Number of protein chains: 2
Amino acid sequence: MARGSTRPTSRDVAQAAGVSQAAVSLVLGDKWRGRVSETTAERVREAARTLGYRPNLAARNLRLGRTRTVLLVVPALTTEFFAGVYTGAARVAAEHGFGVVLYPSPEGIGPARDPFASAQAALDGVIASSMAADALTAIRGDQLPLVMLDSDPEGSLGAATVNLDIADGIRQVAEHLLSLGHRHFVHLAADVASWTFEVRARELAARLGPVLGTTLRTVRAPISIEGAVTAAEAALTGPGPRPTALVCDDDQLAAGAYKAARRAGLHVPHDLSVTGLDDLALATAIDPELTTVHLDAELFGERGMRALLAVLDGRAPEAGDIPVNLVLRGSTAPPPR
Amino acid sequence: MARGSTRPTSRDVAQAAGVSQAAVSLVLGDKWRGRVSETTAERVREAARTLGYRPNLAARNLRLGRTRTVLLVVPALTTEFFAGVYTGAARVAAEHGFGVVLYPSPEGIGPARDPFASAQAALDGVIASSMAADALTAIRGDQLPLVMLDSDPEGSLGAATVNLDIADGIRQVAEHLLSLGHRHFVHLAADVASWTFEVRARELAARLGPVLGTTLRTVRAPISIEGAVTAAEAALTGPGPRPTALVCDDDQLAAGAYKAARRAGLHVPHDLSVTGLDDLALATAIDPELTTVHLDAELFGERGMRALLAVLDGRAPEAGDIPVNLVLRGSTAPPPR
DNA sequence: CCACTGACGTTTTACGTATAACTACTCCCG
DNA sequence: CGGGAGTAGTTATACGTAAAACGTCAGTGG
């Protein structure tokens, strides 16, 4: 807050109003009922207004020992998805007088860097996406109240978790494709070490395994359009029976699969069904529109923030996964015969 | 920073190391050459390590009167573009020991809210996208050093500005389309009151106007796929000669234009050429790949941060717009004859 | 008439850090 | 052997706020 000609302090306001600094603090902090007269209070407010007084947050934070600021750690800003998470978290936070600061695990800055060097605001707590695993050790070292988003319930050492019911989403995808008659699947898997992506693979295998005559192959791809294209090309030309359905770990991978299919001369959905997961704007921008699992990112953020507020209050956070639902669009059809 | 059992302070470290608090501050602040012996310094560092000491940032900020934290205000998080801006700014900031905090003008929270309530970190300065106009009045009221991204050089009352050379990008688009033989244009304009979007309209008119026989119509659309679709449909069925080229203010609008064209039974690029602006991942996800103006978002963020650092140092920020370049892909072709 | 209460404030203190100002001790040179 | 120059620290203070503890005065009931 350093300015050349320093900003007015509560003491300046006090002097202007002809009262003590304590009185200013009481009035502006709304703690003056029965302690300061209405006329004096109004004089203080008036002085604060004309001086353009704004409290020094560093001093307030130091005094109160709390900041009403929370850090939201996300894997990157590149996805709409985490934009939604932020929006939901910030809305709930605002309702409770809290602010939210973002720490995107940055490429090019290096995860080894102290996350709090990049978000120097003092913090009351942390909400962390499990996908931003790099930063987690540093966070744990800080002993701050922590809520994990989409993290292994057992692995996070007592931290509260909020999860999307991804497994149920994959179940819906599998049942949809099976009911269309598909038997030969490829799972285009995100090449990321994260519990939430393991869930996808496990659930898919669990659903397809018991159905006689099905085959399932997994191909890994980095989460980007280009990476998905080459991985999907490999998937379509691999060994065994030609797959008729491609289950993608997210919508970006699905967009890459479209391109690979075009290059291979395959028509989506008549030659190849494709499904995504996220339901980003991208899903309806591509042709045909993508059948995908809709995730309510804002609700995810809201629930995360509520859970953190609960932890800060010593209450138990709300239990139960967030439901998701499959949105049927134009990228799935019965397999070619 | 409030924890139940309070965190260790520099005084705790001092006690553990058997020195005074001042010595701890000197050692950990790297100001001890010739003031503290190497052995004592090491003892202090060791004590800090075992206690898990981390300085209280609120106290440090209060003491120093500065925070080494900067606020980046962006219109929303939904675009890759501002993710790039953030990445660039954060990289430069980290090189100078600064942190960056984001304030996304949120939907659903309301722009009337004090931006600093949502980013309660104390700040040394602000970098603001001109697209986040709502927040600007509040920012100006705070008298913080300010750098504007893509703002009217005259309109921003003395604040430093960093601009992309959007006008030159539009010039490249116009010349490309004119050289292909197009004469009937529609400008799919973002329905946003912002100087940078006015530049697009002005430059396009300036380039196409002098060429005999050209027509140019402007259609406004909100920046979203759905909004763009209806606007583009209106554009294709409007009065006058049927347009053969659609110049879009950004890539998302272009994606919407693709959908409108498909619905109208028009083939891109043979029946209709489409151009975008941004060069997001979306540009290569859609079919055909989009001819668009590439903006170097990271460089934009870097230059913004450097400009702010310059202002903070009392130096003049680097002058000159950031160059942009047209990327030719598959969405433009000569007009049908 | 005196203790008590309520109204309206003020004085003082603490939060944790960084650093200016000071002290004490040793060494060394003239 | 006196003093100037390091060396190795310590003591004291300020940053701006919130709030606990402390006054002061007028009115009131017993």
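Not measured: the values here are computed from a predicted model. In what follows, chains are A, B, ... by sequence order, proteins preceding strands, each numbered from 1.
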Participant: Rounding to a whole Å, what distance do you find between B/Gln15:CD and C/dG16:C1'?
Facilitator: 15 Å
Participant: For A/Leu28 and D/dT17, what is the distance between atoms CG and P respectively, to the nearest whole Å?
Facilitator: 10 Å
Participant: When you compare the side chain of B/Leu149 with that of B/Phe300, does any pair of heavy atoms fall below 4.5 Å?
Facilitator: yes
Participant: CG of B/Asn56 versus C1' of D/dG16: gap in Å, rounded?
Facilitator: 14 Å
Participant: Rounded to the nearest angstrom, tell me the gap between atom CG in B/Leu26 and atom P in D/dA8.
Facilitator: 13 Å
Participant: Inspect the contact between B/Arg43 and B/Glu46 and indicate whether a charged nitrogen and a carboxylate oxygen are less than 4.0 angstrom apart.
Facilitator: no
Participant: Any N or O donor-acceptor pair under 3.5 Å from the base of D/dA8 to the side chain of B/Glu38?
Facilitator: no
Participant: Categorize B/Thr9 for me: base, sugar-phosphate, or nothing, with a 4.0 angstrom heavy-atom threshold over every strand shown.
Facilitator: sugar-phosphate
Participant: Is the distance from OP1 or OP2 of C/dT10 to the nearest side-chain N or O of A/Ser20 less than 4.0 Å?
Facilitator: yes
Participant: Nearest of D/dG16, C/dT17, C/dT19 to any side-chain atom of B/Ala22?
Facilitator: C/dT19
Participant: What is the separation between atom CD on B/Glu42 and atom P on D/dG9, rounded to the nearest whole Å?
Facilitator: 14 Å
Participant: Supply the atom-to-atom distance B/Arg60 CZ to B/Ser25 OG, rounded to the nearest 0.5 angstrom.
Facilitator: 8.0 Å
Participant: Does D/dG9 have OP1 or OP2 sitting under 4.0 Å from an N or O in the side chain of B/Ser37?
Facilitator: yes
Participant: May I ask you to verify if any side-chain N or O of B/Lys31 is less than 4.0 angstrom from the OP1 or OP2 atom of C/dT19?
Facilitator: yes
Participant: Please tell me which of the listed nucleotides, D/dT17, D/dG16, C/dT17, lies nearest to the side chain of B/Arg11?
Facilitator: C/dT17
Participant: To the nearest Å, give me how far apart CG (B/Leu62) and P (D/dT13) are.
Facilitator: 18 Å
Participant: Report the distance from atom CZ of B/Arg63 to atom C1' of C/dA20, rounded to the nearest whole Å.
Facilitator: 9 Å
Participant: Do A/Asn163 and A/Trp195 come close enough that some side-chain heavy atom pair is under 4.5 Å?
Facilitator: yes
Participant: May I have the distance from B/Trp32 (atom CH2) to C/dA18 (atom P), rounded to whole angstrom?
Facilitator: 17 Å
Participant: Is A/Thr40 close enough to C/dG9 that one of its side-chain N or O atoms is under 4.0 Å from OP1 or OP2 there?
Facilitator: yes
Participant: With sugar-phosphate meaning primed atoms plus P, OP1 and OP2, does A/Val24 contact a base, only sugar-phosphate, or nothing at under 4.0 Å between heavy atoms?
Facilitator: nothing
Participant: Choose from C/dT10, D/dC15, D/dA18 the nucleotide whose nearest atom is closest to any side-chain atom of A/Arg60.
Facilitator: D/dA18
Participant: Hey, is the side chain of B/Ser10 poking within less than 4.0 Å of OP1 or OP2 on C/dA18, counting only N and O atoms?
Facilitator: no
Participant: A quick test of your reading: do over 12 heavy atoms of other residues, nucleotides or ligands sit less than 6.0 Å from CD of A/Gln15?
Facilitator: no
Participant: Of all the nucleotides listed (D/dG9, C/dT19, D/dA19), which has the minimum atom distance to the side chain of A/Gln21?
Facilitator: D/dA19
